[in-house]
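Okay, structure first, notes after.
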Amino acid sequence: MERKKSGQNVRFAHRREVCVPLQVTRYIKAMKRLADSIETVRRLKLDGLKPSSFGMALLLFLTGPASAITSLDPAAVRAASEYSARHRGFSFLAIQDGRTLLEQNAKTPHRIYSGTKAFWDLAALAAAEDGLLDLDERVVGTITSWRSDPRKAQVTIRQLLDFDSGIEPQFFLHETQSGDRDATAMRARMVAEPGSAFIYGPATLQVFHRVLKEKLRGDSPTHYLERRVLHRLGLGSQRYLADHAGNPLLATGWILTARQWAKLGRVILTNGAPVISKSSFAQCWRGTTANRAFSLGWWNNRAAPNGREFDFEQMLIPKWQNQDWHDACICRDAPDDLVACIGSEGQRLYVIPSLKLIVMRQANGGSFSDAHFLRLLLGRERR
């Protein structure tokens, strides 16, 4: 999210696909899983299982997780898209199990604001996997000037990315005429103990940029991001909003089509591929003590169905001291594996792995309710 210069308003900061009929795709996948299961059971029989065990295993396969996912009701998808349009929606894209359910203006570039953050967080996870850094190492090992501050000396790289480092947000860093964002961010004040408070803002990401730059020893973080992440996703260079020192703004700034942004959603459904491993990517869903609903660029719905449902974008408007993220959830009636990228002015990327679902919604401001939209989409609320 971006904070305007006045300091009063806060903002979050093609190809054509050939689709095989969904029923055919599911049948092929089911037959492959069945063949794999039969081979597995055959091997277990050789290890001493009784013949009756084969039938039981086959029965469990046919009645268990291999069953087809629940397809969204086309009428519900249309209702969600119409709700989005009524609230200044710019584009809409829903993809389930690789099949496009509904697409509207999905190939026109639009700002994604804070959706930018998740790409840089993905680069951080890749850097950890490549052995360039450890997310749980202390920043002071790289930025030695922090040794003189007892609280800064305790901050880890992960806390920079999770916004619970205790550093003030410094929203003015969003301004495109900044002299040296990284240097300014490194001088930011500590306003809370590390790990104790969720403080959403650009400062900590700029500190991370400096850390990554030092770790790369000559290569630039932007080049690393493009080579290690974007190229693997089929994306090119982006709108980096560099300052006078050449530092990109990590918190916001990118412009993508809904189709392009959806490529990030596919990474979730493939458990990190083709960028990082499943175990590395799983760190995005753990949350923190300060805010269980956020980690490494992604908002989650883990507290559903009994959590406190409210508008996350609106909660970020008050100062951090007045925000309450206790038991926060995006939508009580949505699956608890729902995750989202949330950008200002109503930019949204939703992914529900259990439904193999990716939904994009871009907008030009206006009022918008994530919970109402998701209930419409899932057929759990009247139009």
Side-chain angles (χ1 to χ4, degrees), residues 1-5 11-13 109-128 130 132-133 135 139 142-143 157-163 165 167-188 200-257 260-261 263-264 267 275-276 296-298 341-345 347 349:
M1 281 150 260
E2 299 177 56
R3 185 179 294 270
K4 290 183 176 179
K5 191 172 182 180
R11 291 185 178 178
F12 284 93
H110 194 75
R111 294 182 180 183
I112 65 170
Y113 292 100
S114 284
T116 302
K117 294 178 173 67
F119 288 95
W120 282 104
D121 282 302
L122 193 53
L125 288 167
D130 291 346
L132 293 171
L133 53 82
L135 294 185
V139 176
T142 304
I143 301 178
I157 295 176
R158 188 186 302 276
Q159 288 172 333
L160 295 177
L161 302 173
D162 285 342
F163 300 112
S165 67
I167 295 175
E168 62 180 333
Q170 293 192 328
F171 288 105
F172 62 84
L173 293 177
H174 285 136
E175 298 174 7
T176 57
Q177 299 302 313
S178 295
D180 186 334
R181 292 191 185 98
D182 292 6
T184 301
M186 288 190 295
R187 293 192 298 267
Y200 193 87
T204 59
L205 296 183
Q206 295 305 138
V207 175
F208 167 71
H209 180 264
R210 178 59 64 90
V211 171
L212 182 58
K213 185 176 181 178
E214 294 294 329
K215 296 287 189 179
L216 288 170
R217 299 182 181 279
D219 193 9
S220 74
T222 299
H223 290 159
Y224 180 79
L225 168 77
E226 293 177 352
R227 173 178 58 81
R228 188 62 173 78
V229 177
L230 299 187
H231 291 172
R232 297 190 183 198
L233 298 180
L235 297 172
S237 60
Q238 299 298 315
R239 178 175 173 260
Y240 296 116
L241 299 180
D243 60 21
H244 291 310
N247 301 311
L249 178 60
L250 272 61
T252 186
W254 289 20
I255 297 176
L256 297 173
T257 69
Q260 290 172 326
W261 201 9
K263 293 180 179 183
L264 182 61
V267 173
V275 183
I276 56 175
L296 297 170
W298 290 92
C341 277
I342 296 179
S344 70
E345 306 290 339
Q347 320 313 316
L349 161 57

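Residues forming a side chain to side chain contact (heavy atoms under 4.5 Å, CB included) with A183 (at least two apart in sequence, or on another chain): D180, R187. The side-chain hydrogen bond (donor to acceptor under 3.5 Å, both in side chains) search around D121 returns none, not counting sequence neighbours. With sequence neighbours left out, D182 forms a salt bridge (Lys or Arg N to Asp or Glu O under 4.0 Å) with R210. Partners of Q170 according to the side-chain hydrogen bond (donor to acceptor under 3.5 Å, both in side chains) rule, which considers only residues two or more places apart in sequence or in another chain, do not exist here. Residues passing the ring-ring contact (aromatic ring centres under 6.0 Å, His included) test with H110, sequence neighbours excluded: F90. With sequence neighbours left out, the salt bridge (Lys or Arg N to Asp or Glu O under 4.0 Å) criterion links R232 to no other residue. Here E168 pairs with R189 under the salt bridge (Lys or Arg N to Asp or Glu O under 4.0 Å) rule; sequence neighbours left out. The side-chain hydrogen bond (donor to acceptor under 3.5 Å, both in side chains) test applied to H223 returns S220, not counting sequence neighbours. Under the rule for a side chain to side chain contact (heavy atoms under 4.5 Å, CB included), R217 has no partner lying at least two apart in sequence or in another chain. Qualifying ring-ring contact (aromatic ring centres under 6.0 Å, His included) partners for F163, counting only residues two or more places apart in sequence or in other chains: Y200, F294. Legend: residues meeting side-chain hydrogen bond (donor to acceptor under 3.5 Å, both in side chains) with D130, ordered by chain and number and at least two apart, are Y224, R228. For the salt bridge (Lys or Arg N to Asp or Glu O under 4.0 Å) test, residues two or more places apart in sequence or in another chain that qualify with K215 are E137.
Residues V229 and I276 have side chains not in contact (no heavy-atom distance under 4.5 Å, counting atoms from C-beta outward). Contact check for L296 versus D162: side-chain heavy atoms found under the 4.5 Å cut-off. Side-chain contact between P221 and L216: present, with at least one pair of heavy atoms (C-beta onward) separated by less than 4.5 Å. In this structure, L249 and Q206 have side chains that are in contact, with non-hydrogen atoms separated by less than 4.5 Å. The side-chain heavy atoms of F208 and L133, taken from C-beta on, include a pair separated by under 4.5 Å.
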*asked:* For a side-chain contact (heavy atoms from CB on, under 4.5 Å) check, start with the C-alpha distance between L250 and F119, then their side-chain angles and the critical distance, and finish with the verdict.
replied: CA-CA 9 Å; L250 272 61; F119 288 95; over 6 Å; no
_side-chain contact (heavy atoms from CB on, under 4.5 Å), that's the test. Do L205 and L160 meet it? Break it down for me._
CA-CA 6 Å; L205 296 183; L160 295 177; over 6 Å; no
*Would W298 and L349 count as a side-chain contact (heavy atoms from CB on, under 4.5 Å) if you check the C-alpha gap in whole Å, the side-chain angles of each, and the deciding distance to 0.1 Å?*
CA-CA 10 Å; W298 290 92; L349 161 57; 3.8 Å; yes
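In this structure, K263 and L233 approach most closely via the heavy-atom pair CD-O, 3.0 Å. Here the shortest heavy-atom pairing between P169 and P202 reads O-CD, 3.1 Å. Contact record, T116 with I112: N-CD1, 3.6 Å, taken as the closest heavy-atom pair. Heavy-atom minimum distance, A118 versus L264: CB-CD2, 3.9 Å. For the pair T257 and P109, the tightest heavy-atom approach, listed with the atom from each and the gap, is CG2-N, 3.6 Å. For Y240 against E226, the heavy-atom pair with the smallest separation is OH-OE2, 2.6 Å.
Rounding to the nearest 0.5 Å places CZ of F172 at 8.0 Å from CD of E175. Distance check: D243 CG to R181 CZ gives 5.0 Å after rounding to the nearest 0.5 Å. Separating the OG atom in S237 from the CG atom in L225 is a distance of 10.0 Å, to the nearest 0.5 Å. W254 CH2 to Q260 CD: the interatomic distance, rounded to the nearest 0.5 Å, is 10.5 Å.
With hydrogens and angles disregarded, no donor-acceptor distance shorter than 3.5 Å links the side chain of R158 to the backbone of L135. Using modelled atom types, no side-chain atom of E214 and backbone atom of V211 make a donor-acceptor pair closer than 3.5 Å.
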